[in-house]
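These notes are about the structure you will find just below.
When a residue number appears, it is its place in the shown sequence, counting from 1. We count ligands from 1, going down the list as the structure has it; atoms in each ligand are counted the same way.
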Amino acid sequence: MPETAQHWYFNKRPKDVIEEDTLILRSEPIPELKDGEFLLRSVYMSLDATNRVWLSDWDTYMDPLPIGARMLGFIVGEVVKSRHAGFAEGTLAVGLTTWSDYVVTTGEGFVPFPKPEGISLADAFGVLAVAGPTAYVGLLEIGKPKAGDTLVVTAAAGAVGALVGQIGKIAGCRKVVGIAGSDTKCRWLVDDLGFDAAINYNKEDILDGLRRECPDGIDVHFENVGGEALDAGLTLMNNFGRVVICGLISTYNSSEPVPGPYMFRNVIMKRLTIEGFVILDYAARFPEYHEKLVGWMRDGKLKYRLHVAEGLESAQDALRLLYTGGNNGKLMVRIGAAPN
Ligand code: NDP
């Protein structure tokens, strides 16, 4: 057992993009366990677009992370020492904790992580921790797709978007159109995941592309990006369509007020329902979502890619990939070896 642990600390609030000194890595002695605590050895950490939001001074769904605090993220790890009745040594736990290779915790924010049989820990964590439940809730419970609908998804080749499009097909959508930032990502969506069409927003105007690919209009628009894509979607919505605001990643680095959307009038003209959500609010229902998602994973109905950065020290650089499209699939960090 090591005597010291590595932790990332919030050092300096970024003005826009995350910089070299936004977070700093420090080594500290691991304290002795008290009653009711356990020591977690981190294995995988999820990097999420919202991590940048936690570094802002915005009024959000969580208390702001104070400068000088340890950075937060979702981690799955192994309980290596325990004085906690709910977390036995040798078991896996998942939760919102600090960016650390070893951490002593009271267990607050953690739940046991029963790894599904036949699925690797990386796949189980990558799909089930955040992206899968987000795609499931956002599309099925908020977007409410009906058989025959046309569904548009932005950041479609990302962790959430790729799952949304496939769940849309499972739900009977007639046409699923993805928007992504490269030809390679667009080809993956159509050739491997079964999207009906994909638009490379770096190559063509999104509205032109959507007019071509959605001749019957859009019934469900699943927004991960914001800006031009949201406006284009709003422009082409059908009557009584649903607009799911899952993420607005194109705005997370903005220090200036964000303009638009300009076609907001269509919320009235087309009688739209527009709804945002935060997946943390649905934590109590994760077992239900996991059962469905695991079933689809086992049946080969859900395909996904993991983009795994190696080592806790790579976490800050890896996080920046999300805001440039440099990630290919669910972005996570492998902090330590998966237990056998
Ligand atoms: P992704 O794996 O989708 O990675 C982010 C992708 O966003 C990038 O790969 C890039 O894809 C695209 N992107 C980044 N910046 C821009 C930009 N300026 N313009 C256009 N596209 C951009 O990440 P996640 O799946 O983890 O997250 C996707 C979205 O879902 C985020 O907005 C996130 O905040 C949201 N989310 C919301 C949750 C909730 O509870 N509401 C929970 C989890 C995620 P490309 O190469 O195609 O440009």
Side-chain angles (χ1 to χ4, degrees), residues 16-18 45-56 58 60-62 73-74 96 125-139 141-143 152-167 177-189 193 195 198-204 206 209 222-233 243-254 258 260 275-283 285-286 289 304-309 318-333:
D16 36 55
V17 296
I18 293 169
M45 177 164 81
S46 174
L47 294 178
D48 293 286
T50 198
N51 294 161
R52 172 66 186 84
V53 174
W54 300 345
L55 299 172
S56 73
W58 296 354
T60 77
Y61 56 92
M62 268 173 47
F74 292 96
L96 181 61
F125 178 68
V127 176
L128 302 178
V130 181
T134 302
Y136 188 99
V137 168
L139 184 65
E141 300 194 2
I142 297 174
V152 168
V153 190
T154 63
V160 172
L163 298 174
V164 169
Q166 296 175 85
I167 296 172
V177 178
I179 301 174
S182 74
D183 284 345
T184 315
K185 287 184 178 181
C186 286
R187 269 198 303 277
W188 180 64
L189 293 174
L193 302 196
F195 281 55
I199 295 164
N200 176 352
Y201 69 84
N202 280 315
K203 265 197 154 164
E204 82 172 310
I206 299 175
F222 194 103
E223 188 56 63
N224 284 318
V225 173
E228 190 192 341
L230 177 56
D231 256 309
V243 180
V244 183
I245 308 294
C246 174
L248 298 171
I249 194 169
S250 70
T251 69
Y252 295 167
N253 287 320
S254 290
V258 177
E275 187 173 343
F277 71 105
V278 173
I279 194 58
L280 296 173
D281 297 344
Y282 295 79
R285 292 181 57 200
F286 272 33
Y289 308 139
Y304 45 86
R305 288 197 287 222
L306 305 180
H307 183 140
V308 184
L319 178 59
R320 294 196 280 198
L321 296 173
L322 286 175
Y323 313 98
T324 60
N327 64 309
N328 277 301
K330 171 62 205 162
L331 187 62
M332 47 205 252
V333 180

Does an N or O from V225, backbone or side chain, lie closer than 3.5 Å to an N or O of ligand 1? no

Counting both backbone and side chain atoms, is some N or O of Y252 under 3.5 Å from an N or O of ligand 1? yes

Provide, to 0.1 Å, the distance between atom 32 (O) of ligand 1 and the closest protein heavy atom, together with that atom's residue and name. N224 O, 2.7 Å

G181 to ligand 1: N or O pair under 3.5 Å? yes

Heavy-atom side-chain proximity of Y323 to V17 below 4.5 angstrom: no

Angle between ring planes, Y282 versus Y289, binned at 30° and 60°: parallel, tilted or perpendicular? tilted

Could you work out, for atom 37 (C) of ligand 1, the closest of A180, C246, G326 by heavy-atom distance? C246

Distance to 0.1 Å, residue and atom name: give those for the protein heavy atom nearest to atom 15 (N) of ligand 1. Y323 O, 3.6 Å

How does L322 reach ligand 1, by side chain, by backbone, by both or by neither, if only non-hydrogen atoms under 4.0 Å count? both

Tell me which part of T134 gets within contact of ligand 1: side chain, backbone, both or neither, using heavy atoms under 4.0 Å. side chain

Looking only at N/O atoms, are S250 and ligand 1 under 3.5 Å apart anywhere? no

Under 4.0 Å from a heavy atom of L248: which atoms of ligand 1 are those, numbered in the order shown and with their elements? 32 (O)

Of all the non-hydrogen atoms in the protein, which one sits nearest to atom 4 (O) of ligand 1, and at what distance? N327 ND2, 3.2 Å

Compute the minimum heavy-atom distance from G161 to ligand 1 and say whether it is under 4.0 Å. no

Show which atoms of ligand 1 fall inside a sub-4.0 Å distance from at least one heavy-atom site of A49. 31 (C), 33 (C), 34 (O)

Under 4.0 Å from a heavy atom of V160: which atoms of ligand 1 are those, numbered in the order shown and with their elements? 25 (O), 44 (C)

D48 and T50 side chains, donor-acceptor separation under 3.5 Å: no

